[in-house]
J.: 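Below you will find the structure I want to go over with you.
Just so we're on the same page: letters track the sequence lines, and every chain starts at 1.
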2 protein chains.
Amino acid sequence: MTALSDHRTAIRPTMADVAAEAHVSVKTVSRVVNHEPGVRPDTAERVRAVIERLGFRRHDGARMMRQGRTFTIALVVEDLANPFYSQIGAAVEREARIRQHQLITASAEGSPTRERAVIEALINRRVDGIVVVPADESASSDAAVEASQTPIVYMDRPVRGTPRDTVLSDNHGGIRSAVEHLVAHGHRSIALFGDDPAFWTARQRREAFVATHQSLGLPGSARVSMGPHSPTSVRETLTRWTQTADPTTAVITGNNRITIALLLALRDLRLPLSLVGYDDFELADLVDPPVTVVHQDPAAMGQKAAQQLFARLLGDESPAQTVVMPTRLVVRGSGLRRSPASR
Amino acid sequence: MTALSDHRTAIRPTMADVAAEAHVSVKTVSRVVNHEPGVRPDTAERVRAVIERLGFRRHDGARMMRQGRTFTIALVVEDLANPFYSQIGAAVEREARIRQHQLITASAEGSPTRERAVIEALINRRVDGIVVVPADESASSDAAVEASQTPIVYMDRPVRGTPRDTVLSDNHGGIRSAVEHLVAHGHRSIALFGDDPAFWTARQRREAFVATHQSLGLPGSARVSMGPHSPTSVRETLTRWTQTADPTTAVITGNNRITIALLLALRDLRLPLSLVGYDDFELADLVDPPVTVVHQDPAAMGQKAAQQLFARLLGDESPAQTVVMPTRLVVRGSGLRRSPASR
DNA sequence: GGCAGGCATGACAGCGTTGTCTGACCACCG
DNA sequence: CGGTGGTCAGACAACGCTGTCATGCCTGCC
């Protein structure tokens, strides 16, 4: 019971406390704690006993400070509750965990300003690296961020400026597979309900749709309605397009929410349209008919991004790389041609 | 350009660099950075200019170390990709963010061992507090954790041992509302498909079901089938129970997954059963018929837990408190009595 | 017996901040 | 003109750990 341990008995014990109690130096305690070689077994045992008795736990903050790394990476997304992002989060956390790192997750709520603030806070903490699903394309290619030297991997959307590691989904291939699937089932008049063109992915998918429409030589010009969409707006557009001389017989929806709006509209209107949705969703095979979707694999994307990041942390100095992850068409029935009477 | 800033020019500049460049002391830089009073405006301006020029950013790790707090809280759950947990995560992160804290999220993958390891790692980092959805009831009422003094709030399931702050969902009330709803619509023979009784919540819901069954004076003994369930097992049990002299006319499912299994079974069997599911799910109103559910509000629970935690961090010393969050019955149609011919 | 070499251990500095204390300088007052 | 008090600034130590280097001791060999 030295004076040292006395006055801090309420506080957590430090290596100094352990050292005093075990009659060794702080460095020896450090060696024991970190399983470094060069400590006689009996000394080590004695130290361990004191550690146990005092309930000592190494202060990782101090350690990080000394070593200059935090064993922490961060993930910045728009909204953690969104399944697309939470699957990414789970995957990134997993990669971090198996490498003894911890993950700080932060939401930017879609605001570029907030996103920048969040990233700066993370940099101030000296996280070892960051995975970002950027809110907009200008995002954080900020001088301060550049200067920080903190490795960053972008996901789902690219950013302008200096090339950076980026993991994207194959929007073009996804849309093409959807169109081809519908065409293979006899459809010729296919429409796209896309998301707000403010989103890069929405624009990508629109372009892919138009391009595929042309390259397959489908008649007429491609029917496209970009968002934002409400169930009502979807219904109106749909009604219009199915009453032309060349009625739309199949639709592709640009994301999850639109798929749902469309399903509701279809149910109300009792229209026998075929449908391929972009983005899988949990109960796609429970609705009637089960919805065929273009499945992007957020978990795989998150994993890939984390792996890229860790490669950088391990010293990979190769030029920034952009990886495009494939999508998969999950055929469930809604993409087949149905006659109006089938229900 | 002093020798100091020279040899570290590649590395991030520190307050010492700024101080040297601005011909002031480190402490003055600190004061400027932290907007402390007592710095002449022109001095402050000069310092700020150098900060800007050098791209200095305060090293929060050092700050934390000095101040003894990390401005970090942590959330430990089973699986971040699970919507129940990711909604909690989003809510907790939000509470943290508005209080200038950051959130470390960690998955324990349902393993008590891993959970303990994860929590110890977080304690070693000196996170200011932890929100835990414990994997089992013995969880982490571990001596080491106790001794760490780190405030912990438990969620969804209580733990044994010393009372701790806990936020639970009103399983009893939720089940009762489900039963009462079905009874109000004429059902007398109601069955429960519960989850694996290894889970505390599953046991709670079973007990609530049995108790409500009795207190409402329903005929016969309560029909209960506890998990784990597969779609097949559900189908078999269901077939059996609907072929007795007193056929089951309504079921309550103990969670999300079971609800889905049951919906699949119902579709195959073309049984006209009424259904109330426990746990809301995203497309509950898109399936046919829309599923009536007992809605627990994970976001509200997470928010509550985080608020409790921050109260502790601000010095609240009152005895540990258990909060039971209410559930809400969302009536959507599947709970009404239907005749076999209605479809 | 003397010395090289290996092993166990310790002293010390330093990671980048901030809290405390001290000091320089100036103005104002009696 | 000495004393009082206020403002601005800096010196210094400390937070808890680890990397580097030094030291002491023992063994073994010539």
J.: Is any side-chain heavy atom of D60(B) closer than 4.5 Å to one of F71(B)?
T.: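 Not in contact.
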J.: Provide, to the nearest angstrom, the distance between the CG atom belonging to D17(A) and the C1' atom belonging to dC15(D).
T.: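 Answer to the nearest Å: 13 Å.
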J.: If you take all heavy atoms of A91(B) and A299(B), which pair is closest and at what distance?
T.: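 That closest heavy-atom pairing would be CB-O, 3.2 Å.
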J.: So does S25(B) get a side-chain nitrogen or oxygen closer than 4.0 Å to the phosphate oxygens (OP1/OP2) of dG10(D)?
T.: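 The answer is yes; a side-chain N or O of S25(B) sits under 4.0 Å from OP1 or OP2.
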J.: Taking only heavy atoms on the protein side, list every residue of residues 27-40 of chain B lying under 4.0 Å from any atom of DNA chain D, sorted numerically.
T.: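 Listed by number, they are K27(B), T28(B), R31(B), G38(B), V39(B), R40(B).
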J.: Other residues, nucleotides and ligands only: do more than 12 of their heavy atoms fall within 6.0 Å of CD on E109(B)?
T.: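 More than 12 heavy atoms, drawn from other residues, nucleotides or ligands, come within 6.0 Å of this atom.
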J.: Can you give me the bend angle of the helix from dG1(C)-dC30(D) to dG30(C)-dC1(D)? Use the axis through the first five pairs and the one through the last five, nearest 10 degrees.
T.: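 Computed angle between terminal axes is 70°.
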J.: How long is the gap from CG on D156(B) to OH on Y85(B), to the nearest 0.5 Å?
T.: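 Here the rounded value is 6.5 Å.
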J.: Main chain of E36(B), side chain of R31(B): is a donor-acceptor contact present, judged purely on distance under 3.5 Å?
T.: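 Checking the backbone N and O of E36(B) against the side chain of R31(B), no donor-acceptor pair under 3.5 Å is found.
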J.: Whole-Å distance between dC12(C) P and M15(A) CE?
T.: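 Rounded to whole Å, this separation is 19 Å.
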J.: Under 4.0 Å from OP1 or OP2 of dT9(C): is there any side-chain N or O of T43(A) that close?
T.: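 Affirmative; the distance criterion is met.
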J.: What's the verdict on salt bridge (charged side-chain N to carboxylate O under 4.0 Å, His left out) for E95(A) and R99(A), showing C-alpha distance, side-chain angles and the deciding distance?
T.: CA-CA 7 Å; E95(A) 293 300 308; R99(A) 290 174 178 81; 2.9 Å; yes
J.: Just by modelled atom types, is the V167(A) backbone N or O under 3.5 Å from a matching donor or acceptor in the Q308(A) side chain?
T.: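 No; judged by distance alone, with no hydrogens or angles, the pair does not exist.
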J.: Between I51(A) (CD1) and dC17(D) (P), how many Å, whole number?
T.: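 One finds 10 Å between P of dC17(D) and CD1 of I51(A), rounded.
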J.: Can you tell me how far the CZ atom of R312(A) sits from the CG atom of D165(A), to the nearest 0.5 Å?
T.: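 Here the rounded value is 4.0 Å.
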J.: Short of 4.0 Å, heavy atom to strand atom, which residues of residues 56-72 of chain A count as contacting DNA chain C?
T.: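 DNA chain C contact set from residues 56-72 of chain A: M65(A), R66(A).
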J.: Classify the angle between the aromatic ring planes of F310(A) and H101(A) as parallel (below 30°), tilted (30 to 60°) or perpendicular (above 60°).
T.: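 It falls in the perpendicular class, over 60°.
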J.: What's the separation between atom CD in Q307(B) and atom NZ in K304(B), rounded to the nearest 0.5 Å?
T.: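 The CD atom of Q307(B) sits 6.0 Å away from the NZ atom of K304(B).
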J.: Taking atom CZ of R97(B) as the centre, report whether more than 12 heavy atoms of other residues, nucleotides or ligands fall under 6.0 Å from it.
T.: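 Buried by this count: over 12 neighbours within 6.0 Å.
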